[in-house]
Amino acid sequence: MKNYPLRLAFYGKGGIGKSTVAAHISAALAQAGKRVLHIGCDPKSDSTRCLTKSRIPTVLQQLAAKEEALTKADILYPGAFGVSCIEAGGPEPGVGCAGLGIGAMADELNRLGILDEGWDVIIYDVLGDVVCGGFAMPMRRRFIDRVFLVTSADFMSLYAANNIMKALLRYATPEEPLLGGLILNRYKDISDIKIAAAFAEKTNCGIIGALKESSQLRYADYCKETVLSLFPKRMAAGQIRALALKLWRQEKAYCPVFMEESAMDNFHQQIFKKAVNSID
């Protein structure tokens, strides 16, 4: 039986579309009647942009700007379909630890009691190709019940997913696994699916969902909207709704077996050589 709120985290390499996927899952669950809190933990502070149609002030920005203690209104903003949105923020490039915003945000959320407001779902969007300990904080403090790794079939995206699995194993146990599975994003054809499936088999992990590359998603992102708003009856919106429902119902979790560097190199050579040889 699930405990509520259901706390999900999305990790993945920067630029893979992780924030877009996470925000759309939040929107789809809210559209389905769930009370959703979406928390952006990426220093780019762009996780909530398509939900709020703009960049919202981050927790770090508000802490720096205000002399008095922050209120909920300072950091909690309404988004599409009733999603409530927070952005942690991060330091200036080249200055400070990227996990600073996550730590400061966690302190404020606890002080204000925001996490205890009767949410059905709390979603964290966390950058995954930065390996500082701050990005493991949601795992370390057990803010989350399940981690979903957003990846493409690109080798560096899979490499980042493999590294995140190492952190997962540090903070999970066989009795309480954290990994909910892989989400293959922006796949182009069956060869991408085969590559992701081979990686999943090597790492003892399942593919929970696959989202085909979509001009609808790109256009919606440009417009700071969701495909659920702009193209509610098109393929991309249907894929998102189906994936959101699957994540809501997901019970199974995995104890991954990450690959060492040499194994990843071998995987790269074996799998991608096949892909190259298949080119006409």
Side-chain angles (χ1 to χ4, degrees), residues 1-13 16 18-19 21-26 28-30 34-43 47-48 59 76 83-88 90 98-110 112-151 160-161 163-183 205-206 208-209 243-244 246-256 258:
M1 180 180 295
K2 282 188 173 75
N3 294 319
Y4 294 97
L6 181 62
R7 305 172 303 168
L8 309 178
F10 293 80
Y11 279 74
K13 180 181 180 297
I16 194 54
K18 165 189 56 63
S19 295
V21 170
H24 274 77
I25 295 299
S26 287
L29 289 173
K34 312 302 179 188
R35 189 161 184 252
V36 181
L37 175 63
H38 183 99
I39 302 175
C41 301
D42 189 320
S47 183
T48 59
V59 174
L76 193 63
V83 177
S84 295
C85 301
I86 294 173
E87 286 284 359
L100 177 63
I102 300 177
M105 176 199 66
D107 291 341
E108 291 302 308
L109 293 184
N110 287 330
L112 294 169
I114 291 175
L115 297 179
D116 302 318
E117 293 193 357
W119 310 102
D120 295 310
V121 188
I122 300 176
I123 286 181
Y124 294 86
D125 170 37
V126 191
L127 185 64
D129 56 357
V130 177
V131 294
C132 78
F135 287 101
M137 189 179 297
M139 306 179 206
R140 189 169 65 245
R141 294 195 184 182
R142 301 297 288 195
F143 290 168
I144 54 181
D145 304 303
R146 289 290 181 269
V147 169
F148 294 94
L149 302 183
V150 181
T151 183
N163 275 341
I164 297 165
M165 289 180 183
K166 295 180 184 180
L168 280 167
L169 288 172
R170 186 181 299 274
Y171 299 112
T173 66
E175 294 76 26
E176 293 185 311
L178 281 171
L179 182 58
L182 299 175
I183 296 173
C205 178
I208 189 69
L243 178 57
K246 196 170 184 179
L247 299 188
W248 173 257
R249 294 173 174 173
Q250 172 81 341
E251 295 285 353
K252 184 175 182 179
Y254 298 88
C255 287
F258 70 87

Supply the atom-to-atom distance [X] [atom1] to [Y] [atom2], rounded to the nearest 0.5 angstrom.
X	Y	atom1	atom2	answer
Asp145	Gln250	CG	CD	12.0 Å
Leu169	Leu178	CG	CG	9.5 Å
Ile25	Lys34	CD1	NZ	13.5 Å
Ile39	Thr48	CD1	OG1	11.0 Å
Asp42	Ile102	CG	CD1	9.0 Å
Ile86	Asp125	CD1	CG	13.5 Å

Only one of Val126, Val150, Val147 passes side chain to side chain contact (heavy atoms under 4.5 Å, CB included) with Phe10, and that residue is Val150

Ignoring hydrogens and angles, tell me if any N or O in the side chain of [X] forms a donor-acceptor pair with the backbone of [Y] under 3.5 Å.
X	Y	answer
Glu108	Val59	no
Arg7	Phe143	yes
Lys166	Phe258	no
Trp119	Ile114	yes

Across all chains, not counting sequence neighbours, the side-chain hydrogen bond (donor to acceptor under 3.5 Å, both in side chains) partners of Ser26 are His38

Heavy-atom pair of closest approach, residues [X] and [Y]:
X	Y	value
Pro174	Cys255	CA-SG, 3.5 Å
Ala88	Met105	CB-SD, 3.7 Å
Pro256	Tyr254	CD-O, 3.3 Å
Cys41	Tyr124	SG-CD2, 4.0 Å
Asp120	Trp248	O-CZ3, 3.9 Å
Ala160	Lys13	CB-CB, 3.8 Å

Taking the side chain as every heavy atom from C-beta outward, state whether Val121 and Leu247 have any pair of such atoms under 4.5 Å apart. no

Item to check | Side chain to side chain, Val21 and Ile16, heavy atoms closer than 4.5 Å | outcome: no

Starting from the C-alpha separation in whole Å, work towards a yes-or-no answer on side chain to side chain contact (heavy atoms under 4.5 Å, CB included) for Leu149 and Met165. CA-CA 9 Å; Leu149 302 183; Met165 289 180 183; 3.9 Å; yes

The salt bridge (Lys or Arg N to Asp or Glu O under 4.0 Å) partners of Glu117 (sequence neighbours excluded) come to Lys72

Between Leu179 and Ile164, is a side chain to side chain contact (heavy atoms under 4.5 Å, CB included) present by the stated rule, with each step listed? CA-CA 10 Å; Leu179 182 58; Ile164 297 165; over 6 Å; no

